[in-house]
Number of protein chains: 4
Amino acid sequence: MSKPSALPVMARFVIATSGRNMTKAAHVAVVCGVAMMVMLTVDPVFAALHYPIGAVLWACLAFFIFEWMIRLRHAFDAGHRWAYVFSFRGLVDAASALAIPIALLAGIDPKSAWLFGALWMLKVVPGIPGLRQLRRVLVLESRPLLSVLVIFLMVLFLASVAEFVLEHDVQPAGFGSVPAALWWAVATLTTTGYGDVVPITPLGRVIAAAVMICGLGVFGLWTGILATGFAAETRRDNFLRTWESVRKVPFFATLGPAAIADLTQMLRTIDLPARTTIIRKGQVGDCMYFIASGEVEVDLPGKKVALGEGAFFGEMALLGNNRRSANITTTRVSQLLVLDLVDFRLLMARHPDLAETIDAEAKRRSLENK
Amino acid sequence: MSKPSALPVMARFVIATSGRNMTKAAHVAVVCGVAMMVMLTVDPVFAALHYPIGAVLWACLAFFIFEWMIRLRHAFDAGHRWAYVFSFRGLVDAASALAIPIALLAGIDPKSAWLFGALWMLKVVPGIPGLRQLRRVLVLESRPLLSVLVIFLMVLFLASVAEFVLEHDVQPAGFGSVPAALWWAVATLTTTGYGDVVPITPLGRVIAAAVMICGLGVFGLWTGILATGFAAETRRDNFLRTWESVRKVPFFATLGPAAIADLTQMLRTIDLPARTTIIRKGQVGDCMYFIASGEVEVDLPGKKVALGEGAFFGEMALLGNNRRSANITTTRVSQLLVLDLVDFRLLMARHPDLAETIDAEAKRRSLENK
Amino acid sequence: MSKPSALPVMARFVIATSGRNMTKAAHVAVVCGVAMMVMLTVDPVFAALHYPIGAVLWACLAFFIFEWMIRLRHAFDAGHRWAYVFSFRGLVDAASALAIPIALLAGIDPKSAWLFGALWMLKVVPGIPGLRQLRRVLVLESRPLLSVLVIFLMVLFLASVAEFVLEHDVQPAGFGSVPAALWWAVATLTTTGYGDVVPITPLGRVIAAAVMICGLGVFGLWTGILATGFAAETRRDNFLRTWESVRKVPFFATLGPAAIADLTQMLRTIDLPARTTIIRKGQVGDCMYFIASGEVEVDLPGKKVALGEGAFFGEMALLGNNRRSANITTTRVSQLLVLDLVDFRLLMARHPDLAETIDAEAKRRSLENK
Amino acid sequence: MSKPSALPVMARFVIATSGRNMTKAAHVAVVCGVAMMVMLTVDPVFAALHYPIGAVLWACLAFFIFEWMIRLRHAFDAGHRWAYVFSFRGLVDAASALAIPIALLAGIDPKSAWLFGALWMLKVVPGIPGLRQLRRVLVLESRPLLSVLVIFLMVLFLASVAEFVLEHDVQPAGFGSVPAALWWAVATLTTTGYGDVVPITPLGRVIAAAVMICGLGVFGLWTGILATGFAAETRRDNFLRTWESVRKVPFFATLGPAAIADLTQMLRTIDLPARTTIIRKGQVGDCMYFIASGEVEVDLPGKKVALGEGAFFGEMALLGNNRRSANITTTRVSQLLVLDLVDFRLLMARHPDLAETIDAEAKRRSLENK
């Protein structure tokens with residue numbers, strides 16, 4: 001009876017320490033588990049390392065079962081049990097934990113059963129950066145993407161039927177049925193071109209050439225649509241991320257809404273861990289920084305100056321002095337807004353008052369430093 | 001004599017119920033018919049399911065003949081008979097209905113005759129969404145696309161002649177004539193690369209390498225042109241669709257023409273069926289909605305509020321309150337205009353009066369709800 | 001002595017009738033000549049049609065010699081002889097005329113000598129539309145394109161050396177030397193993938209996989225650069241073509257320079273031959289037209305109205321009346337400026353005075369037509 | 001003891017003459033060395049040219065050792081020794097100088113040892129134009145690029161495991177283990193398609209078809225991201241290069257900051273060596289030039305006029321006079337700013353005062369020339 005009472009304690013401990021650590025451990029387990037699963041299929045390696053591979057696989061499985069149970073418990077405690085169980089994450093966790101045991105119990109050959117370990121890879125999906133952005137592009141551009149897919153499928157089918165008619169007497173092995181011809185068509189239209197099945201009649205080759213050229217066109221349309229969508233999404237994503245940060249910088253508070261909107265489109269947000277060197281003395285600089293949160297330390301000769309939230313630095317580089325004059329490092333986790341030289345100049349042209357403020361502050365600081 | 005008198009009745013019935021239903025039935029028939037046609041060519045499947053496959057094919061054919069006759073009758077009644085007969089749709093309908101019977105009567109082997117069923121697929125073409133948009137891109141960009149095609153063809157020919165000269169003594173099978181070399185060239189220039197014919201002389205390989213690199217270039221140009229055209233067309237299409245809807249929202253009527261043009265470029269039109277949940281309580285929101293037509297129901301605690309044409313909702317998400325505070329569902333087929341968070345902020349900067357109106361309405365509503 | 005005196009007369013006649021006709025004749029000759037040259041290499045066809053093929057080839061050659069002499073004569077008369085002789089066109093004309101006779105005189109086998117007919121294809125180059133535009137893109141983007149090419153070549157070489165080291169003991173046939181490995185590398189990096197030479201050692205395959213992924217990257221960069229350049233060039237080209245036409249429309253003369261620049265970016269120039277129907281009654285319209293040069297005829301009920309240079313038509317479609325109300329055809333070669341519905345609305349927002357003028361004219365015309 | 005004292009003298013001499021010359025010599029050595037290294041692996045060539053190849057290779061090696069020692073000495077003298085030693089350049093120089101001697105001393109077969117000459121190629125990397133620009137794109141777009149890479153890897157793994165399950169009984173040679181299946185997957189997903197391993201079960205082929213289509217999608221996303229990033233980077237790069245030059249032209253000094261920012265986005269900087277003809281009399285012109293530094297000579301009938309820094313020329317082409325009226329050549333290394341016809345017209349619309357100044361100067365000059 002120790003387990004039921006022990007689990008909550010462990011769960012609480014794991015969740016307390018967890019978040020990032022739990023995720024990191026899971027990622028390590030996924031990489032180890034999948035690597036072992038791959039080795040399992042390589043006969044000589046498996047023969048030589050039978051036991052270690054098995055041990056790692058069982059350890060990974062145990063970890064994933066344990067992780068799933070903790071998450072389940074946690075979800076039950078927090079009262080949103082079904083939300084978790086039927087979320088993508090919950091389903092993947094369940095499959096990761098249960099697929100292999102069920103397969104083993106069902107009497108499937110162990111070497112085959114462990115192949116379900118490939119499902120573990122799906123645990124990484126929610127952690128992929130920019131996946132949300134990618135999904136938005138696919139959703140927003142779904143109409144044209146679908147059109148291209150339908151065209152792709154029609155070319156595929158019509159070409160297959162045509163090649164079947166032309167080639168099935170000459171090459172019964174490769175073009176003996178429309179599904180067989182479809183295999184040729186998909187390898188050709190995607191320009192993969194295995195070459196295992198190739199038309200040999202003159203007319204069959206003319207049609208194949210047309211299919212290849214259509215392949216280029218489909219490719220081009222696909223790319224064009226995705227490129228268009230991606231450009232828009234990147235701009236949007238950057239604006240949203242930056243907008244939040246801009247509001248934290250008091251320096252910008254005096255600006256009118258038009259200038260703020262302009263500025264937000266120009267700034268780029270970066271997140272830095274503690275003790276990261278942002279600027280190195282003597283480097284050529286082409287941007288200035290605003291501190292949205294955190295703190296940096298300027299390593300001036302003889303003294304160290306700390307700059308906190310809302311301050312800016314690196315502005316000398318934009319005012320004619322190309323070389324950075326001091327090392328600057330973060331003292332804790334910080335979020336900075338980067339203003340590029342090009343954008344600074346465009347901004348200066350459109351909002352001279354902002355430029356003047358930066359200019360004045362830079363002069364004051366440069367006097368102070370002397 | 002029953003058929004001539006029965007047909008108009010059926011036709012009237014079909015047309016009355018029709019539109020979407022007729023189209024749906026035709027799509028189902030196309031999918032079934034083409035699937036059976038494919039199975040016909042797979043010998044083991046055909047041997048096992050001789051009769052069911054034949055039955056489905058005859059049923060599909062009967063349907064298409066019937067559909068064509070109804071459409072013909074309808075076109076005659078409406079007085080634009082030739083317009084229909086010689087339109088793309090009319091020709092496809094005629095071919096779908098007549099090709100197989102004519103082939104069977106002409107004494108062609110039934111298994112071959114039924115392959116004309118591939119023509120049925122063309123019935124889907126007019127229903128492909130965004131095809132019109134795609135065609136516009138191809139028409140508007142036809143000049144540069146043609147240039148690239150001509151360059152493609154010249155590289156193809158010159159490379160073929162060169163390889164023929166270099167390789168035809170060494171490989172009479174693969175490069176025995178210029179048309180044979182053209183087959184190699186098209187598979188190489190499109191980067192398909194079957195590998196059934198490959199140059200083996202050193203100089204022949206140098207030329208082949210140049211052809212491959214040209215292939216990348218042609219690809220790049222093609223994609224560049226289509227991407228450029230597609231981006232412009234997508235913007236245009238969205239503007240047109242949205243413009244119509246914007247005029248239906250009285251809220252925007254007070255805006256000046258510049259603001260309306262701005263707004264139209266930012267809004268996105270979506271069409272929703274009845275009983276669709278647009279906003280779910282507790283979700284993170286990043287856009288607001290205007291109702292161009294239809295009606296939605298806000299599920300507030302204790303009461304349900306209906307919002308009709310011209311109303312807006314979801315504005316809280318843009319004014320700092322990230323979580324949606326109520327479920328909102330459509331009560332009938334509705335057309336909504338979506339304003340994204342990013343665009344809302346840009347709009348707010350450029351047209352502060354519009355922002356104030358939304359702000360005021362949001363405050364009033366939030367007070368009312370308390 | 002008849003030829004020297006006859007030539008100038010013929011030359012004068014040809015040049016007088018010429019321009020387009022000469023070019024058309026040359027294009028026909030190129031297509032015929034190249035087609036015959038291709039057939040020459042197909043043994044069964046050549047055996048069957050020995051004489052006709054030879055006759056057409058000699059006729060084409062005679063035409064090209066004749067054309068070159070006329071052009072030379074014309075260039076001498078006009079005094080820019082060397083400019084023509086050493087221009088691309090002059091060199092191609094000389095090669096087209098002289099390569100085959102010289103080869104035949106030099107005792108080369110006739111079937112091989114006639115292959116120089118491939119050079120005839122180069123005569124088409126100056127006539128390719130948009131080639132100038134393409135060349136500008138390549139010139140302006142030459143720096144990044146070269147960078148990508150250098151990276152491409154470095155990956156190619158390093159991968160070849162690596163595969164040579166790893167594979168030359170196992171596969172002396174395919175990877176026996178670095179040039180042999182280069183052949184594999186170029187087919188892989190361009191994602192052509194013939195499959196005639198394939199690494200088989202595990203490490204060799206890992207490197208090959210890296211090369212393939214680099215191939216995608218090179219492809220992507222190439223396309224990105226060309227797409228960027230092409231978009232800019234297309235905009236520029238359209239602006240230049242349209243600017244000339246806009247100046248011919250008196251209606252725009254009253255506009256300020258800002259509005260004209262705006263308008264020029266929005267309009268699209270089209271050139272139409274005589275007797276072309278531009279608008280068909282009952283069609284859905286989404287653009288209006290300005291006449292830069294030429295004349296159109298409006299087919300109103302009971303009368304025909306001619307509109308000349310500077311007039312506009314089709315504006316009803318932009319003012320709410322979607323269906324075209326009359327057929328409109330060109331009466332002679334005309335150049336029109338097309339204003340799209342979307343652009344019309346944006347223009348209306350930015351330059352309300354222009355919109356009013358169009359509106360007033362449309363109302364006057366619509367009254368007049370009643 | 002002569003070497004230590006001789007080296008500084010030589011080093012000083014080399015460094016004095018050096019910069020460009022040293023780099024040029026190194027590039028020649030790289031090309032020669034790598035070419036010889038390639039020939040070394042081609043057995044018949046090596047047998048015939050044993051001694052010359054060896055001599056060139058030793059000469060190149062000697063040059064690289066010498067170059068490295070000079071650079072080391074120079075770095076020691078300048079006091080930033082470690083900065084050089086551990087920079088990319090320093091490491092490549094060290095590897096180029098030491099790898100082959102160490103390999104030879106370690107008793108590796110000389111023919112294999114010389115293959116380390118492939119490292120020499122890396123010496124070219126710092127000289128690739130636009131590499132910095134490319135690196136910036138990769139860094140700025142690293143988030144979405146990584147997402148696509150992760151998706152690519154997941155599709156790769158899942159497809160490999162699926163094909164392993166489906167095919168390893170049928171084709172133990174090609175799909176006998178997951179790593180073997182990975183080899184197939186990477187060749188398919190990149191659309192390379194060697195065709196050495198091809199699925200043959202129906203379900204295996206369906207999955208392969210899905211992988212190919214995913215390959216197109218990955219390709220499209222990759223290209224879209226790189227195209228977006230590249231377009232932004234090109235604009236930025238051009239702005240920065242031009243900004244510096246614009247400040248050198250006194251003519252622009254009177255403009256307000258908004259006009260300067262506009263202008264900088266429109267101008268294009270070109271660097272020309274001495275005695276280069278910029279404009280040829282009689283050519284069709286579509287741009288004007290400003291001299292940022294250097295000098296040009298206008299070849300007017302009867303006299304030669306020199307134009308120095310800050311002057312402009314070619315403006316006639318933009319004011320209606322299409323044909324260039326005089327030859328213009330640089331007299332020394334010059335930097336010019338090019339203003340395209342299209343941009344000139346847009347500029348004229350937005351900043352009429354600038355246009356007037358150019359107009360007035362053009363008229364004055366044209367009077368003077370008469």
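Chain naming here is simple, since letters A, B, ... match the order of the sequence lines and numbering starts at 1 in each. FYI, side chains are in, hydrogens and waters are out, and symmetry mates aren't considered; it's all heavy atoms of this structure.
Not one N or O on the side chain of A/S177 forms a donor-acceptor pair closer than 3.5 Å with the backbone of B/T41.
For A/G217 against B/L226, the heavy-atom pair with the smallest separation is O-CD1, 3.8 Å. Minimum heavy-atom separation, A/I213 to B/W222: CG2-CH2, 4.3 Å.
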Run the side-chain contact (heavy atoms from CB on, under 4.5 Å) check on A/L153 and B/M121 step by step: do they pass? CA-CA 10 Å; A/L153 290 176; B/M121 256 183 289; over 6 Å; no
Could you go through the side-chain contact (heavy atoms from CB on, under 4.5 Å) check for A/M212 and B/T191 one step at a time? CA-CA 9 Å; A/M212 288 172 207; B/T191 76; over 6 Å; no
side-chain contact (heavy atoms from CB on, under 4.5 Å) between A/M154 and B/V125, intermediate numbers included: CA-CA 9 Å; A/M154 289 196 67; B/V125 170; 3.7 Å; yes
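The CZ atom of A/R236 lies 8.5 Å from the CG atom of B/D343; values are rounded to the nearest 0.5 Å. Atoms CG and CG, from B/L221 and A/L216 in turn, are 11.5 Å apart once rounded to the nearest 0.5 Å. Atom CD of B/E233 is separated from atom CD1 of A/I225 by 12.0 Å, given to the nearest 0.5 angstrom. Within the model, atoms CG of A/L158 and CG of B/L119 stand 8.0 Å from one another, a figure rounded to the nearest 0.5 Å. In this structure, CG in B/L341 is found 8.0 Å from CZ in A/F239, a value given to the nearest 0.5 Å. Interatomic distance, A/F164 CZ to B/M37 CE, rounded to the nearest 0.5 Å: 9.5 Å.
Using a 4.5 Å cut-off between heavy atoms, B/L182 does not touch chain A at all. If you measure heavy-atom distances from B/F152 to chain A, the contacts under 4.5 Å come from the side chain alone. For a residue to count as touching a neighbouring chain, one of its non-hydrogen atoms must lie under 4.5 Å from one of that chain's; by this rule A/P199 touches chain B with backbone and side chain alike. Of the atoms belonging to B/D237, it is side-chain heavy atoms, and not backbone ones, that fall under 4.5 Å from chain A. Neither the backbone nor the side chain of A/I260 comes within contact range of chain B; no heavy atoms are under 4.5 Å apart. Heavy-atom distances place no part of B/V45 under 4.5 Å from chain A, backbone and side chain included. For chain B, the nearby part of A/L140 is the side chain; its heavy atoms alone come within less than 4.5 Å.
Your options are A/V178, A/D196, A/T264, A/V165, and the one with the most heavy-atom pairs under 4.5 Å with chain B is A/V178. The most heavy-atom pairs under 4.5 Å with chain B, out of A/R205, A/E141, A/Q265, come from A/R205.
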